Amino acid sequence: MAEISTFGYPCAMMTDFYQITMAYAYWRAQKTNAIAVFDLYFRKNPFGGEYTVFAGLHEILKFVKNFHFTKEDIDYLKQQLPAYTEDTFFDYLLNVTTKDVKVFAVPEGTVMFPGVPLLRIEGPVAIVQLLESPCLNLVNFASLVTTNAARFRKAAGPDKKLLEFGLRRAQGPDGAFSASRYCYVGGFDATSNVLAGQKLGVPVAGTHAHAFVSSFHEEEDVKKMKVVRNPNKADPCYMLAKMESNDDFLALAESYRIKLKDQALDYCKSGVDPKQQELVAFAAYAHAFPEKFLVLVDTYNVLNSGVVNFCAVALALVDLGYCPKGIRIDSGDLAYLSLQSRHYINQVSKAFKVECLSKITIVASNDINEETLNSLAQQKHEIDAFGVGTHLVTCQNQPALGCVFKLVDLDGQPRIKISEDVKKVTIPGRKIAYRIYGKSGSPLIDLMTKVDEEPPKVGQRVLCRHPFVESKRVYVVPQRVERLLELYWNGETISRELPTLKELKDNIKSNLEGIREDHLRALNPTPYKVSVSESLYRQIHEMWVANSTVPELV
């Protein structure tokens, strides 16, 4: 069996088998060249919210550009389809390309709402049908994770550092890699995933685990550790150095721990038992990373051991001109422990006249979710950064977005899908979507029209109707009009410039800042209005009635 490549674009064979069987049925019916229009959209916002951030376009365009079947693919499909399948069908598949396909899309990173197409894909029906499953796969997860990351960012606030630690809990290596990408653009600052750093340029972050601390057993585990003075003159602590080098860094840290006890600062006094093996571990880590000394302080006890040992090693580093970076708390009452840790470290800072200690970073982890961040925002705490993993990358509150891919036009004739569930009734025909802005500068409503209708104009009142409820309609006078769907794939090349990852991250931030706060809030957000033009409304309901069955009561 051939080796499976990961982290690349999906291939034509990454599809549902029924797409292949439909392609053969289209081919037998001589319908392969009928020009179809499909809309890709979602019906409901995730996580109980009222917005979704569209992501995944870059990967879709890469997939469409490279779409083809190989001879090995065809050989496999011959084994799966019935023996009577005509050989010329396989010749057809082998020569399939996307040269007759057009992809219209909303710019990646746009904040979107239910029912409005994220993508409109046009082309020969059999070929566009073959694109369905991969496109859904690429949009569903990307948009879900990006939206989740954006919600975490909003809950944490703009000034906190957010670190994605989801690699070990993600759904496989592809899930982990994609999550790192989309958490970054959704608002996170860094990832623990080294591969994402290497391939995507996402900043990486991480220090050590509990295992590192518990692996040390007092002094016998280490030889004398020599630390030389910080050569970086730009370091805030450079001028505080008292020595050019120290040949026994552990002994220096131990001497500071004795001084800390002598100072009798709050809980660091008689009865407190800072673990010696933890001090050894911290000294060993500082020996390896004197310029990046940030340690995990809850292996034994945060307040009675970890923070005390951190301060002892931190003061030893300051003697050599290094500025300690911070601590991480991975268990317990995060708000309380952060407050107490900050209080003690600030006392040490004042007692030893080392100002940089008062500026250290406190990182919190421990199975953090959006509710945790919202709760912490209502409490007093001293946390500067959050490490988030499981709830972020697996989207535990909602594991799927639920995008759909629906036929809306064939050879210029609108098509509709009827359902007893109104939310599943499709909006027929080729459409253009517009975002209409009000006097405040924020979006008021999204309006879908037929492609041959005049677009809404600034200053001219336009009627916007709910697609399915006759009594719901409003007049709007646009102050600005934004066309949402633009041509990205013209059959030969990607026709619009795509943003870099950093540009996409900035675009998403800007997009979210432009949406009204009541649409974004976590509790009882206001639904955003999505509407259709009068002409499209009439088309929907005429086709709905024409295609509905009329039961007979007996």
Side-chain angles (χ1 to χ4, degrees), residues 159-161 205 207-208 213 225 227-243 246 249-269 272 274-275 278-330 334-364 380-385:
D159 301 324
K160 302 298 181 186
K161 285 278 187 182
T207 54
H208 65 81
V213 178
M225 296 175 284
V227 178
V228 299
R229 180 177 179 170
N230 187 357
N232 181 12
K233 294 183 179 181
D235 192 303
C237 290
Y238 178 81
M239 296 304 294
L240 299 178
K242 298 176 181 178
M243 58 190 76
N246 182 277
F249 184 73
L250 177 58
L252 180 61
E254 287 174 330
S255 71
Y256 269 113
R257 192 168 65 181
I258 293 170
K259 292 177 182 178
L260 286 169
K261 286 192 175 184
D262 291 343
Q263 289 284 335
L265 303 174
D266 284 1
Y267 54 81
C268 188
K269 45 196 172 187
V272 172
K275 296 300 179 184
E278 184 178 56
L279 182 71
V280 175
F282 287 1
Y285 195 78
H287 179 242
F289 298 102
E291 294 184 27
K292 297 183 178 182
F293 182 63
L294 190 153
V295 288
L296 187 58
V297 294
D298 70 331
T299 302
Y300 301 108
N301 184 285
V302 174
L303 301 179
N304 292 336
S305 183
V307 174
V308 180
N309 283 327
F310 163 78
C311 287
V313 176
L315 290 169
L317 282 173
V318 172
D319 275 0
L320 290 151
Y322 295 98
C323 189
K325 299 306 180 193
I327 62 173
R328 178 162 73 94
I329 305 170
D330 191 47
L334 299 178
Y336 172 77
L337 291 173
S338 71
L339 286 165
Q340 292 299 308
S341 298
R342 180 75 73 190
H343 176 64
Y344 176 67
I345 293 168
N346 284 347
Q347 280 193 315
V348 173
S349 174
K350 291 178 182 177
F352 288 85
K353 296 181 174 56
V354 179
E355 185 181 355
C356 65
L357 272 180
S358 66
K359 300 176 182 178
I360 64 105
T361 297
I362 297 179
V363 182
K380 289 184 178 180
H381 69 80
E382 285 288 339
I383 300 167
D384 303 296

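Only this structure's heavy atoms are used, side chains among them; waters, hydrogens and symmetry mates stay out. Predicted, not measured: the structure shown is a model, and the values here were computed from it.
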Measuring from [X]:[atom1] to [Y]:[atom2], what's the distance to the nearest 0.5 Å?
X      : Y      : atom1 : atom2 : answer
Glu291 : Cys237 : CD    : SG    : 11.5 Å
Thr361 : Lys325 : OG1   : NZ    : 8.5 Å
Leu317 : Phe249 : CG    : CZ    : 4.0 Å
Leu320 : Asp235 : CG    : CG    : 11.5 Å
Asp384 : Lys359 : CG    : NZ    : 13.0 Å
Ile327 : Ile362 : CD1   : CD1   : 4.5 Å

Side-chain heavy atoms of [X] within contact of [Y], under 4.5 Å:
X      : Y      : value
Val295 : Thr207 : no
His381 : Leu334 : no
Glu355 : Pro236 : no
Leu296 : Val363 : no
Val354 : Val348 : no

Hey, mind stepping through Leu315 and Leu260 against side chain to side chain contact (heavy atoms under 4.5 Å, CB included) and telling me if it holds? CA-CA 10 Å; Leu315 290 169; Leu260 286 169; 4.2 Å; yes
Do you know which two heavy atoms are closest between [X] and [Y], and how far apart they sit?
X      : Y      : answer
Arg229 : Tyr238 : NH2-O, 3.1 Å
Val313 : Ala283 : CG2-N, 4.0 Å
Lys380 : Leu339 : O-CD1, 3.3 Å
Phe282 : Gly306 : CE2-O, 3.5 Å
Pro324 : Cys356 : CD-SG, 4.0 Å
Ile345 : Cys311 : CG1-SG, 3.8 Å

Under the 3.5 angstrom rule, does the side chain of His208 hit a backbone N or O of Val213 as a donor-acceptor pair? no
Keeping the roles fixed (side chain from Arg342, backbone from Ile360), state whether a donor-acceptor pair exists under 3.5 Å. yes
Tell me, please, which residues at least two apart from Arg328 pass side chain to side chain donor-acceptor pair (under 3.5 Å). Ser365
Which pairs count as ring pair (Phe, Tyr, Trp, His ring centres under 6.0 Å) when at least one residue sits in residues 297-329, sequence neighbours excluded? Phe293-Phe310
When you look at NZ of Lys161, are more than 12 heavy atoms from neighbouring residues, nucleotides or ligands closer to it than 6.0 Å? no
Are more than 12 heavy atoms, taken from residues, nucleotides or ligands other than Lys275, located less than 6.0 Å from that residue's NZ atom? no
After noting the C-alpha distance and the side-chain angles of Leu279 and Tyr256, does the key distance pass the side chain to side chain contact (heavy atoms under 4.5 Å, CB included) rule? CA-CA 11 Å; Leu279 182 71; Tyr256 269 113; over 6 Å; no
Which residues pass the side chain to side chain contact (heavy atoms under 4.5 Å, CB included) test with Leu337, not counting sequence neighbours? Val302, Leu303, Ile329
